[in-house]
Each structure stands twice: as structure tokens, then as C-alpha cells.
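Values below: all heavy atoms of this structure, side chains included; hydrogens, waters and symmetry mates excluded. Naming convention: chains lettered A, B, ... in sequence-line order (proteins, then strands); numbering from 1 in each chain.
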Amino acid sequence: MSRLVEHAFYFKDPAIVARKLLGKLLVRRLGNRVISGMIVETEAYYGEDDPASWASKGDNWIRRVMYGEPGRTLIYMVHGHWLLNVVAMPPGVPAGVLIRALEPLEGVDLMVRNRGVNNLRLLTSGPGRLTRALAIDKSLHGLPVYKKDSPIQIIYHREIPDSEVGRSGRIGVKRDLDIPLRFYIKGNPYVSVGKKPKSSG
DNA sequence: CGCCAGATTGACT
DNA sequence: GTCAATCTGGCGG
């Protein structure tokens, strides 16, 4: 039984949304086939006060979307790879959550075909990898993930207790904030390898 | 139209 | 750990 994550969920602080997205399912509908995976790694991005956020870089289409309606996809390309974000906070407040890694669930055969690799570990363990595995590109930009008829959705799956949640600084950003805004499920083999947690404690 | 930035990945040392 | 490849949007001319 799949229960769609409600629209109101995305009106919160991106760090909260990022944390609570862990354990939920990202579902991609392709014709009569379904590809899905559990979200195991996310990052939160703010607006003006976040030097790593593209919402702080002046007028562009990304900025417009981040200021827009929460619960919609924000898809753009970096270094030749599509990256999938979900807009957070109410309209007028720029924020978003980057989906960084999934644990493959349904449609693994399609993911293998899309990625061209047979190694489960490498299928969706990275922001650019999972978009390719799920056939996500700019054509899906701006779509709501909370609607029943959407080709890309997020549904409830599993609650992750605090004891299983790890945090660290965001990966690949030049100017990070002082607080750790990357969230991941400890010990999950599909979490992308990156920075180590700030402290061992 | 040309040039550059950029939240990545994959291969090599 | 380090380095090159890959693609689109934004901006200047």
C-alpha cells in the first residue's frame, strides 16, 4: 500500500524536509512500468543566506523555482549530470532539498538498462547516477511529487529513527555553512561516498 | 554566437 | 587524492 506524501510536508524548513525524506520512496512511472527506490541520502539548501545555493546567485530560472511552490521538482544540470531537487518552504521563501542517493527497489532491470552498469552499488549511489537510472531529465522539471497522476512521486515507506541518521557537511560545495546539512542513513551501502562526518562523536 | 561556471562522475596514481 | 570529460543556462558582444 503506497501513501503519497502530502503537499503540506514540503512547506517546512529544508533541513527538516531533508531529514524526513530519508526512508521514503522515490517513484518514477514510465508508461506501465514503475521504477522506485528508497531515499538514503539528501542535502538541504537555503536561499539568500546560503552561499552554496543557486538561489543566492541573482536572477535565473532556478531561483524562480526555488521561490515557488513547494513539493515540485527542480531539475538542472551540473558537470553534465542531471540533479533532482524538491522545492521546500512556502512560496516566497527560497529553499530546496537535493536527492543524493537511493536504494533500488522496483524496476532494477530498467535502472541497469538506463545506467549501462550491472553493479547494484553504483546504480543510484549519487545525485547524477540516480537521475540517469530513473530516466529523470529536464522534461520532468517543475512537476509536483505529491500528486497521484504525476510521473514522479514521493511516498511513505519507512520511518528512520535518529539513531540511524548520520549528518555531515554538504558534498562538492565550495562555500558551505557551519551547520551540517547533509543527511544519510548510517550503514546503508547505497549512500554515496563523500566527506566524512565532522566529528566522530 | 562564444565563453565560463558548476550542488559530478569515472579512471588513474 | 587528483584530474579530465560532459551539458546547459546566463551573460556579454
Side-chain angles (χ1 to χ4, degrees), chain A residues 10 13-19 21-22 26 37 39-68 70 72-89 93-104 111-143 145 152 154 166-185 188-198:
Chain A
Y10 303 100
D13 185 288
I16 305 290
V17 175
R19 158 68 179 87
L21 238 29
L22 295 178
L26 180 65
I39 298 170
V40 300
E41 182 181 351
T42 58
E43 281 180 7
Y45 286 84
Y46 292 90
E48 309 287 349
D49 300 329
D50 185 350
S53 173
W54 286 13
S56 67
K57 288 188 175 63
D59 274 328
N60 54 44
W61 66 279
I62 289 178
R63 182 186 172 95
R64 286 202 301 278
V65 176
M66 286 187 82
Y67 272 90
R72 287 182 177 272
T73 57
L74 166 51
I75 298 170
Y76 55 89
M77 179 165 285
V78 174
H79 298 301
H81 301 273
W82 294 109
L83 270 52
L84 171 65
N85 291 247
V86 179
V87 178
M89 296 288 254
V93 185
V97 175
L98 171 67
I99 312 294
R100 284 194 57 90
L102 302 176
E103 175 178 326
M111 296 193 218
V112 170
R113 193 185 309 167
N114 291 338
R115 286 271 293 125
V117 297
N118 207 356
N119 188 335
L120 265 186
R121 271 293 322 265
L122 301 177
L123 225 42
T124 53
S125 57
R129 290 170 176 164
L130 72 89
T131 53
R132 190 169 174 90
L134 270 64
I136 293 171
D137 60 28
K138 202 180 173 182
S139 68
L140 296 177
H141 172 73
L143 298 180
V145 297
I152 178 167
I154 294 178
R167 290 180 219 164
S168 82
R170 293 173 295 187
I171 296 177
V173 310
K174 288 179 177 172
R175 299 282 178 198
D176 205 353
L177 298 177
D178 290 334
I179 43 173
L181 289 173
R182 172 177 175 244
F183 301 84
Y184 58 94
I185 299 179
N188 188 289
Y190 299 97
V191 172
S192 74
V193 187
K195 284 183 195 171
K196 290 177 180 174
K198 260 186 177 179

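dG10(C) atom P lies 14 Å from atom CE of Met77(A), rounded to whole Å. Between Arg64(A) atom CZ and dG9(C) atom C1' the separation is 11 Å, expressed in whole Å. Residue Glu41(A) contributes atom CD, which lies 16 Å from atom P of dA7(B) at whole-angstrom precision. Following rounding to the nearest Å, Tyr76(A) (OH) and dG9(C) (C1') show an atom-to-atom distance of 13 Å. Spacing between atom CZ of Arg63(A) and atom P of dA7(B) amounts to 17 Å, rounded to whole angstrom units.
At distances below 3.5 Å, not a single donor-acceptor pair connects side-chain atoms of Glu103(A) with backbone N or O atoms of Asn188(A).
Between dA7(B) and Trp54(A), a contact under 4.0 Å exists linking OP1 or OP2 to a side-chain N or O.
For Val87(A), the side chain to side chain contact (heavy atoms under 4.5 Å, CB included) criterion is met by Val65(A), Leu74(A), not counting sequence neighbours. His141(A) meets the ring-ring contact (aromatic ring centres under 6.0 Å, His included) test with Trp61(A); sequence neighbours excluded. Checked against side-chain hydrogen bond (donor to acceptor under 3.5 Å, both in side chains), Tyr45(A) has the following partners two or more places apart in sequence or in another chain: Glu43(A). Partners of Tyr76(A) by ring-ring contact (aromatic ring centres under 6.0 Å, His included), not counting sequence neighbours, listed by chain and number: Trp54(A). With sequence neighbours left out, the side chain to side chain contact (heavy atoms under 4.5 Å, CB included) criterion links Pro94(A) to Ala55(A), Met66(A), Tyr67(A). Partners of Thr131(A) under the side chain to side chain contact (heavy atoms under 4.5 Å, CB included) rule, at least two apart in sequence or in another chain, are Trp82(A), Leu84(A), Ile136(A). For the side chain to side chain contact (heavy atoms under 4.5 Å, CB included) test, residues two or more places apart in sequence or in another chain that qualify with Leu120(A) are Pro104(A), Val108(A), Leu123(A), Tyr190(A).
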- Item | For DNA chain C, the dot-bracket pattern of Watson-Crick and G-U pairs whose distances stay under 3.5 Å, | for other-strand partners | |||||.||||||.
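Of the charged side-chain nitrogens involved, at least one lies within less than 4.0 Å of a carboxylate oxygen, so that Asp50(A) and Arg170(A) count as a salt-bridged pair.
Among residue pairs with one or both ends in residues 133-143 of chain A, none qualify as salt bridge (charged side-chain N to carboxylate O under 4.0 Å, His left out); sequence neighbours excluded. Judged as a side chain to side chain donor-acceptor pair (under 3.5 Å), the pairs with a partner in residues 113-126 of chain A (not counting sequence neighbours) are, in order, Ser125(A)-Arg129(A).
Residue side chain Tyr45(A) meets the stacking definition with respect to dA7(B): its ring centre sits within less than 5.5 angstrom of the base's six-membered ring centre, and the planes differ by less than 30 degrees.
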- B/S/- contact track for nucleotides 8-13 of chain B, protein heavy atom under 4.0 Å: BSS---
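Of the residues in residues 136-143 of chain A, none lies under 4.0 Å from DNA chain B by heavy-atom distance.
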